[in-house]
Visitor: 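Before I ask anything, here is the structure I am working with.
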Amino acid sequence: MVFVLIISVLIGLVSAFFGSIAGLGGGIILVPVMLFLSQAFEAFSWATPQKIVGISIVTMIFTGMSSALSYMKSKRVDFKSGWIFLIGSVPGGILGSYLNQFFSAGKFSLLFGILMLLVFGVFFLPRKNNQALLEKNRGGIQRKMELGGETYRYAYSPNAGGLLAFTVGMMSGLFGIGGGSLMVPAMILLFGFPAHIATATSMFMIFFMSISNSVTHILLGNVEWLYTLAFIPGAYLGGMLGAKVNKVLKGQYVEWLLRVMLIIVAIRLILKGIG
């Protein structure tokens, strides 16, 4: 029992640290690690996909809280866009949380891995010129943010943003990944968000999405409270530390960290799902 609790604290810390740097929320690391432990060690035999996702979603409340507070102090969060995206992501998250109960461990790993592989591939699509995106979305939501002495302009269609957010929310509730692994690349590639603003806004969204998704998973009985409470201290500290590290990284480094994490996780999960 003590071994499991110590490992849980460490997993919470590490997953939240790297998840916060890239705006992922930590679930993209926590979920596959817990899937591996559930198959490799008898002490983690209780960790079904449903229990793992329940733990991940509740833990991300605290990862999102600590990260968002840090990003808000440095004025990196686009609040208007965050609230708009939440309108779509919250109901999507509730639907995904409900659908989670119908997946076996093997199918869950395989689909999760394929999803991460697709997101990884999106990063290598030709990036549209930011001015072209502004022209294309002239009638949409126009945003201007100042960061590090520079002014960034970007725009997006509210319909496209809402549909994307709903899909991301559903994937978040289903796989327990926070949604950042989908939302951050989409904000950067499709809407022209600067990487640092996309990351910070994603963590702001993850905090609120995780609260609504957690309620659904709790009602479905997917949360093992003893183990979940062990993840929370590490997740809160890791989220805060990751946000601090993000501030000193260049935008391109944040993107490459996201790419590397996605491909490693994707390959590992697909192999596990096939095997």
Side-chain angles (χ1 to χ4, degrees), residues 19 23-28 30-31 49-65 67-68 71-72 77-103 107-108 111-112 114-116 118-119 122 137 140-141 143 154-191 193 197-223 228 235 239:
L24 305 180
I28 193 175
L30 188 152
V31 173
Q50 288 72 32
K51 301 292 185 184
I52 293 170
V53 170
I55 287 175
S56 178
I57 291 293
V58 173
T59 301
M60 278 189 294
I61 294 175
F62 298 89
T63 304
M65 180 192 299
S67 300
Y71 285 130
M72 287 164 62
V77 178
D78 182 346
F79 290 103
K80 182 176 181 178
S81 296
W83 288 118
I84 290 172
F85 293 146
L86 279 168
I87 293 174
S89 62
V90 169
I94 294 173
L95 175 60
S97 299
Y98 172 76
L99 295 175
N100 169 270
Q101 62 186 310
F102 301 109
F103 285 82
K107 185 184 295 185
F108 182 88
L111 291 177
F112 192 5
I114 292 174
L115 174 65
M116 294 299 97
L118 290 174
V119 175
V122 168
N137 296 297
I141 297 171
R143 300 297 297 144
Y154 49 96
Y156 55 90
S157 162
N159 292 333
L163 180 60
L164 172 67
F166 179 85
T167 304
V168 168
M170 185 172 65
M171 294 298 101
S172 173
L174 178 59
F175 294 110
I177 57 175
S181 54
L182 297 171
M183 201 68 199
V184 172
M187 286 193 286
I188 293 172
L189 299 172
L190 301 180
F191 301 150
F193 276 67
I197 294 175
T199 300
T201 305
S202 171
M203 295 308 302
F204 171 77
M205 292 171 55
I206 283 172
F207 170 63
F208 290 99
M209 274 197 297
S210 298
I211 292 175
S212 61
N213 291 349
S214 292
V215 172
T216 306
H217 279 286
I218 290 170
L219 293 175
L220 291 171
N222 292 341
V223 179
T228 301

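Only heavy atoms go into these numbers, but all of them, side chains included; no hydrogens, no water, no symmetry mates.
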Visitor: Measuring from Leu220:CG to Gln101:CD, what's the distance to the nearest 0.5 Å?
Guide: 5.5 Å

Visitor: Drop me the distance from Met171's CE to Leu95's CG, to the nearest 0.5 angstrom.
Guide: 8.5 Å

Visitor: With under 30° as parallel and over 60° as perpendicular, where do the rings of Phe191 and Phe193 fit, or are they tilted in between?
Guide: tilted

Visitor: Taking only residues two or more places apart in sequence, or in another chain, which ones meet Ser212 in a side-chain contact (heavy atoms from CB on, under 4.5 Å)?
Guide: Val90

Visitor: With ring-ring contact (aromatic ring centres under 6.0 Å, His included) as the test, pick out the partner of Phe85 among Phe166, Phe79, Tyr156.
Guide: Tyr156

Visitor: Counting only N and O atoms by type, is there a donor-acceptor contact under 3.5 Å from the side chain of Ser214 to the main-chain atoms of Ser210?
Guide: yes

Visitor: Take Val58 and His217, measure what side-chain contact (heavy atoms from CB on, under 4.5 Å) needs, and give me the verdict at the end.
Guide: CA-CA 9 Å; Val58 173; His217 279 286; over 6 Å; no

Visitor: Could you walk me through whether Met203 and Val77 pass side-chain contact (heavy atoms from CB on, under 4.5 Å), step by step?
Guide: CA-CA 9 Å; Met203 295 308 302; Val77 178; over 6 Å; no

Visitor: Please examine the side chains of Met183 and Leu164, heavy atoms only from C-beta on, and report whether any two atoms are closer than 4.5 Å.
Guide: yes

Visitor: For this output row, return yes or no: ring centroids of Tyr71 and Phe204 closer than 6.0 angstrom.
Guide: no

Visitor: Search all heavy atoms of Gly169 against all heavy atoms of Asn213 and return the closest pair with its distance.
Guide: O-ND2, 4.4 Å

Visitor: Search all heavy atoms of Ile52 against all heavy atoms of Leu30 and return the closest pair with its distance.
Guide: O-CD2, 4.4 Å

Visitor: OH of Tyr98 to OG1 of Thr216: how many Å apart, nearest 0.5 Å?
Guide: 11.5 Å

Visitor: Once you round to the nearest 0.5 Å, how far does CG of Leu86 lie from CD1 of Ile206?
Guide: 10.5 Å

Visitor: When rounded to the nearest 0.5 angstrom, what is the spacing between CE in Met65 and CD1 in Ile61?
Guide: 7.5 Å

Visitor: Can you name the nearest heavy-atom pair linking Ser67 to Gly239, along with the distance?
Guide: OG-O, 3.0 Å

Visitor: If a pair satisfies salt bridge (Lys or Arg N to Asp or Glu O under 4.0 Å) and one of its residues is in residues 79-98, list it, with sequence neighbours excluded.
Guide: none

Visitor: Just how far is it from atom CG of Asn222 to atom CD1 of Ile55, taken to the nearest 0.5 Å?
Guide: 10.0 Å

Visitor: Does a side-chain heavy-atom distance below 4.5 Å link Ser97 with Ile57?
Guide: no

Visitor: Sequence neighbours excluded, which residues qualify as side chain to side chain donor-acceptor pair (under 3.5 Å) partners of Asp78?
Guide: Ser81, Arg143, Tyr154

